[in-house]
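Contents: one structure, followed by commentary.
As a basis for the values below, the full set of heavy atoms in this structure was taken, side chains included, without hydrogen atoms, waters or symmetry mates. Convention: sequence-line order gives letters A, B, ...; per-chain numbering from 1.
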Amino acid sequence: MTSPYQFAHDAYAARLRQSFDHLAPGEESGEVVRVAGRVMLLRTQGRLTFATLRDSSGEVQLFCLEAATEGYEAFTRLHLGDWVGAVGEVVRTQRGELSVKVATWAVLAEARRTFGEKWAGITDVELRYRHREADLWANETTRASLRRRSDVVRALREHCWAQGFVEVETPILNAVPTGAAARPFVTFHNALDSEFFLRIAPELWLKRLVVGGFERVFELGRVFRNEGVSPRHNPEFTMLELYAAYWDYADMMRFTEELVAGAVAAVLGTTELVYQGRAVSFATPWARRPMAELVSEALGEEVTVRTPRATLAALLAERGVEVADAWGAGRCVLELFEHLCEGDLWAPTFVTDYPVEVSPLARRHRDDPELTERFEAFVTGRELANGFSELNDPVEQRARFEDQARLAAAGEDETMSIDEDYIASLEWGLPPTAGLGVGVDRLAMIVADAANIREVIAFPTLKPRREG
RNA sequence: GCGCCGGUAGCUCAAUUGGCAGAGCAUUUGACUCUUAAUCAACAGGUUCCGGGUUCAAGUCCCGGCCGGCGCACCA
């Protein structure tokens, strides 16, 4: 018997449960349906057999009688995990379980491997990540986490569309890895005889589209950073980046809190949730706190980017942070923030007014030339989003890139490369613009209550298994 | 990259001080006309992650390696 190419199915488990809720135990509906899914459990009792069938919506029982089911004997020999299509009347058994009383049925595909212990499922994390398909069938929480991720992505995209943003796609293969400070993955194009880098951010391309007249653009896509793997970092991850002409960073903060709170509400039905046992409210507006203010509070003494570098360096050294020679006062303030404040920002908070030194693409603050109009959104102690009024002066942008080059020369690992094409694009004129980047995996983690980023990535990056 | 912890049957887990490597589920065979992780009976199932070493004897102790988890570092 060849395996079927098709099965015309017209019913889902969840909908059957709703539609036939009224059936009393022992009652037969008279209605014939065609269901399909995997056999999750099988209970044979001589001349009658019960199977639990699971489809994408849920589970429903199949009820087979030797006298009423074609090929009954073969049905009793099904394996857990086999894909089955069944045709039969919707009934409720004497014991009250809604069932499809199978008249005819077909194996759609065999499962030649098992899906783990039927109660404990699969717990081996390595097996779960390397064979997510098995994990998905074995574990409800995996299905829920990946489903929530999908819902988050949908909500973000729909919010952007609704606000008039145009979705675009920009190159992943880049001759210059730029738009962020991170080590790239390197690859090679044979015909062009050139080295390429997988993008670390789409930022500069997107702003070039704004120069070209797309006033509101967004890209929802994968970026790649050649850095350590951790429960919060996957080498490839998903970022939402968007740019809006004529906005400044205050406009963008308002947009960001609506975007994120809206996505949380769209998925969970509320802006209130519990992450890892601790309540978080995404209700807007979120707190806005200048970085220097937060650092000063944590230190118990007033510091700013104008505090002498030596003083800041001493404060860092006291806390066991190794201070590099190349760091100026601005970088020191940022380091103090990261060590003293970041982890405590549990409720959504915009940290604003980053030092110029650590923000090479952000526009100078209108009230303080040592700062930029930049913010980062923190929640559950982690960075979730980063945005700013975009630097649109090509002369200053070149100078900022040159500062980065000096840092690189001084031994800093991760600096931003000069992108001449980008400077050229600024010379054509970038209107006042605000930009935003949101870590989609991080947001999915919060919504799925996942402690590990791999739980919201279908196929997380793992070290390849070595054969032999 | 560094540190700590882990890896036993297809899956979930046991194995005392170093003393014959076991159970449940799944698989295979049989019984059973209302089951719900069905139940009952029987059979079978092993490179204890890999490679060395110590020992009369190693899943267990020692060394090296592989893979994973967590922490640190780096970042979002």
Pairs satisfying salt bridge (charged side-chain N to carboxylate O under 4.0 Å, His left out), at least one member in residues 97-115 of chain A, at least two apart: A/Arg17-A/Glu97, A/Glu28-A/Lys101, A/Glu110-A/Arg112
Salt bridge (charged side-chain N to carboxylate O under 4.0 Å, His left out) contacts touching residues 312-333 of chain A (sequence neighbours left out): A/Arg331-A/Glu335, A/Arg331-A/Glu412
Plane angle bin for A/Trp247 and A/Phe255 - parallel if under 30°, tilted between 30 and 60°, otherwise perpendicular: tilted
Residue list, ring-ring contact (aromatic ring centres under 6.0 Å, His included) with A/Trp286, at least two apart or on another chain: A/Phe350
Quote, to the nearest angstrom, the [atom1] distance that separates [N] from [M].
N      : M      : atom1 : answer
B/rG65 : B/rA26 : P     : 42 Å
B/rA15 : B/rU28 : P     : 31 Å
B/rU48 : B/rG59 : C1'   : 5 Å
B/rA44 : B/rA23 : P     : 11 Å
B/rC13 : B/rG6  : P     : 15 Å
B/rC43 : B/rC56 : C1'   : 36 Å
B/rG22 : B/rC34 : P     : 39 Å
B/rC62 : B/rG46 : C1'   : 25 Å

From A/Leu242 atom CG to A/Leu259 atom CG, the distance as rounded to the nearest 0.5 Å: 7.0 Å
Other residues, nucleotides, ligands: >12 heavy atoms within 6.0 Å of A/Arg154 CZ: no
Phosphate contact (B/rU39 OP1 or OP2) by A/Arg43 side-chain N/O below 4.0 Å: no
OP1 or OP2 of B/rA38 under 4.0 Å from side-chain N/O of A/Gln45: no
Who pairs with B/rC25 - Watson-Crick or G-U, where each distance is under 3.5 Å: B/rG10
Pairing nucleotide - B/rG18, Watson-Crick or G-U, each distance under 3.5 Å: none
Protein-to-nucleotide contact annotation, 5' to 3' order, nucleotides 68-73 of chain B [B base; S sugar-phosphate only; - none; under 4.0 Å, heavy atom]: SSSS-B
Stacking of A/Phe50 on B/rA38 base (centres under 5.5 Å, planes under 30°): no
Interface residues of residues 114-123 of chain A with RNA chain B (non-hydrogen, below 4.0 angstrom): A/Thr114, A/Gly116, A/Glu117, A/Lys118, A/Trp119, A/Ala120, A/Gly121, A/Ile122, A/Thr123
Near-strand residues of residues 61-76 of chain A, defined as heavy-atom separation under 4.0 angstrom from RNA chain B: A/Gln61, A/Phe63, A/Leu65
Are there any protein N/O atoms within less than 3.5 Å of an N/O atom in nucleotides 28-30 of chain B, and if so, which ones and at what distance?
unit_1	atom_1	unit_2	atom_2	d
B/rU28	OP1	A/His79	NE2	2.7

A/Thr142: partners by side chain to side chain donor-acceptor pair (under 3.5 Å), with sequence neighbours left out: A/Arg128, A/Asp135
Those residues that, when tested against A/Glu258, pass side chain to side chain donor-acceptor pair (under 3.5 Å) (two or more places apart): A/Thr284
Test side-chain contact (heavy atoms from CB on, under 4.5 Å) applied to A/Leu240 and A/Leu220, A/Val152, A/Val153, the passing residue: A/Leu220
Residues that A/Lys118 engages under salt bridge (Lys or Arg N to Asp or Glu O under 4.0 Å), provided they are two or more places apart: none
Residues in side-chain contact (heavy atoms from CB on, under 4.5 Å) contact with A/Asp449, at least two apart in sequence or another chain: A/Tyr275, A/Gln276
Audit row: A/Trp137, A/Leu80, side chain to side chain contact (heavy atoms under 4.5 Å, CB included) steps and yes/no: CA-CA 11 Å; A/Trp137 281 101; A/Leu80 303 192; over 6 Å; no
Residue pairs, two or more places apart or on separate chains, that pass side-chain hydrogen bond (donor to acceptor under 3.5 Å, both in side chains) and touch residues 168-180 of chain A: A/Thr170-A/Arg199, A/Thr170-A/Glu219, A/Asn174-A/Trp205
